[in-house]
Amino acid sequence: MSLDELKAEILRLTRLYSQQAHGGNLPGDMREDDFVPGETPVPYAARTFTEDEVCAAVGSTLDFWLTLGKEGETMETRLAKYLGIRRTLLVNSGSSANLLAFSTLTSHKLPSERRIRPGDEVITCAAGFPTTVAPIIQNGAVPVFLDNDPFTANADLSKLEEAYVPGKTKAVMMAHGLGNPFDLGRVLAFCKQHDLWLIEDNCDALGSTYTLGDPASLLHPQKETPARPYTAPTGTFGHLSTQSFYPPHHLTMGEGGAVNVVRDMKLKLIVESMRDWGRDCWCPSGQDNTCNKRFGWQLGELPEGYDHKYIYSHLGYNLKPLDIQAAIGAEQVKRLPAFSAMRIANWETLRIGLADLEAYFDFSLPTHATGWTPEGFTWDDSGCRTAPSWFGFQLLVKPGAPFSHTELAQHLNACKVGTRMFFGGNLTRQPAFVQLRKDNPAAFRVVGELSGADRIMHSGLFLGVYPGLTQAMLEYMISSIQDFVATKTR
Ligand SMILES: Cc1ncc(COP(=O)(O)O)c(C=O)c1O
């Protein structure tokens with residue numbers, strides 16, 4: 001047998017194995033009739049894949065290139081094309097993506113007045129995932145926390161202007177909470193007015209779109225006059241944006257993430273340098289002399305002709321994933337439209353199924369929506385709209401309800417239905433941040449009260465909407481909540 005034939009045979013058997021071991025072509029591991037309510041766990045999220053991903057991983061393992069290579073390029077190209085942006089660079093997690101995106105903005109290669117330096121301020125919001133904020137502090141800058149709107153889970157922007165300090169505020173960095181785009185209309189106009197960087201943490205929102213009523217606030221010059229209204233995926237409005245490919249996210253590589261460079265290719269060179277040890281050279285793995293003057297540089301105080309592969313223009317990291325991970329991701333990207341559609345459909349199923357519990361719960365609303373009916377959302381008059389590719393279905397227990405969110409979470413846990421808190425809740429109350437403030441009272445700043453972030457922390461939880469959920473699971477999730485409320489309100 002030739003090597004090619006051998007490989008084809010291994011992949012044929014892999015496909016067969018995966019079809020039997022992983023539930024055939026179903027998204028996820030579960031066949032509808034395998035589900036036993038109360039016995040089969042209903043996780044809030046799980047990897048969702050078919051034998052194509054398993055074959056891609058095995059194929060790449062057989063090639064044994066290992067480090068980021070051709071599979072990485074394929075995945076990066078597919079994702080950048082899907083988003084309609086200049087470049088995507090893969091990293092080993094969403095947290096690494098946030099660290100890398102933020103660190104990029106500290107580079108000495110940026111104009112001096114825009115470069116983020118220790119002590120500069122970055123506007124973010126209080127409730128969410130810790131590694132949206134940690135890179136700001138890790139780079140010596142100061143996070144300035146806005147409150148969250150509990151109904152959208154996103155920043156409450158009523159104090160955005162109040163948060164701004166001329167000469168100190170350099171950027172806005174925040175996440176689209178649980179897939180719900182934050183109010184980009186206001187944030188873009190604010191960033192444009194004050195010449196600020198915008199990093200969108202798009203880790204939970206791949207596939208969401210935002211419609212700007214007035215495209216005049218777009219930060220990037222457009223080749224053609226933008227349509228009015230202007231609709232584009234989240235993650236394409238800021239200067240940089242980030243993705244996570246950890247299994248609960250919209251697509252997975254096991255561990256993984258990406259930094260999206262929306263337009264400015266100068267930023268791409270810095271992202272790449274910081275990701276790859278801080279090096280000045282931009283040769284891909286396995287290639288030399290892409291610049292055609294590998295031994296022709298004189299930089300820093302190095303001798304003339306010092307090998308460009310070992311010249312470091314930044315204090316960098318090594319944040320690359322394996323090519324095997326990228327091979328899985330390259331297959332997953334193809335499924336994004338279908339995955340998003342299923343997340344949206346699952347969210348709607350839960351919303352309709354729980355609609356008669358509005359006396360006890362406040363359900364999430366997409367940003368700019370003012371209400372929900374089974375026919376659809378009603379919208380504010382900003383001219384902006386959102387179409388979330390939901391990460392989760394958030395509900396807030398109403399004040400005065402005869403049960404707490406913890407009791408509900410415990411009940412659902414006993415029913416084997418997975419729930420999650422909105423990650424770290426009000427981050428300023430987490431031990432790490434309490435200690436930070438003890439060590440240095442100026443380590444972060446809070447604008448106004450954080451009552452919305454506290455409300456999310458005290459009364460919110462979210463359910464899964466991932467594409468592996470079957471109709472039977474969704475119905476069981478709904479009936480488990482209905483039963484719980486019925487016993488508490490009898
Ligand atoms: C908004 C947000 N940002 C960043 C991350 C970090 O991603 P990762 O787990 O891949 O490090 C997460 C994780 O879920 C997240 O929800």
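Order of listing sets the numbers, starting from 1, for every ligand and every atom in it.
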Short N or O contacts of ligand 1 with protein, under 3.5 Å, listed by atom name?
residue  : atom   : partner : partner atom : Å
ligand 1 : 3 (N)  : D201    : OD1          : 3.3
ligand 1 : 3 (N)  : D201    : OD2          : 2.7
ligand 1 : 7 (O)  : S244    : OG           : 3.4
ligand 1 : 10 (O) : G94     : N            : 2.7
ligand 1 : 10 (O) : S244    : OG           : 2.7
ligand 1 : 11 (O) : G94     : N            : 3.4
ligand 1 : 11 (O) : S95     : N            : 2.9
ligand 1 : 11 (O) : S95     : OG           : 2.6
ligand 1 : 14 (O) : H249    : NE2          : 3.0
ligand 1 : 16 (O) : D204    : OD1          : 2.9
ligand 1 : 16 (O) : D204    : OD2          : 2.8

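- R455 has a carboxylate O that lies under 4.0 Å from a charged side-chain N of D362, or vice versa, which qualifies the two as a salt bridge.
- Partners of E331 by salt bridge (charged side-chain N to carboxylate O under 4.0 Å, His left out), not counting sequence neighbours, listed by chain and number: K334.
- Applying the ring-ring contact (aromatic ring centres under 6.0 Å, His included) test to pairs two or more places apart or on separate chains, those with a residue in residues 75-108 are H108-H314.
- Salt-bridge annotation for D120 and R115: absent, with no side-chain N of the basic residue lying under 4.0 Å from a carboxylate O of the acidic one.
- Listed by first then second residue, pairs satisfying salt bridge (Lys or Arg N to Asp or Glu O under 4.0 Å) with a partner in residues 434-450 read E121-R445, not counting sequence neighbours.
- For R78 and E73, the salt-bridge test fails: no basic side-chain N is under 4.0 Å from an acidic carboxylate O.
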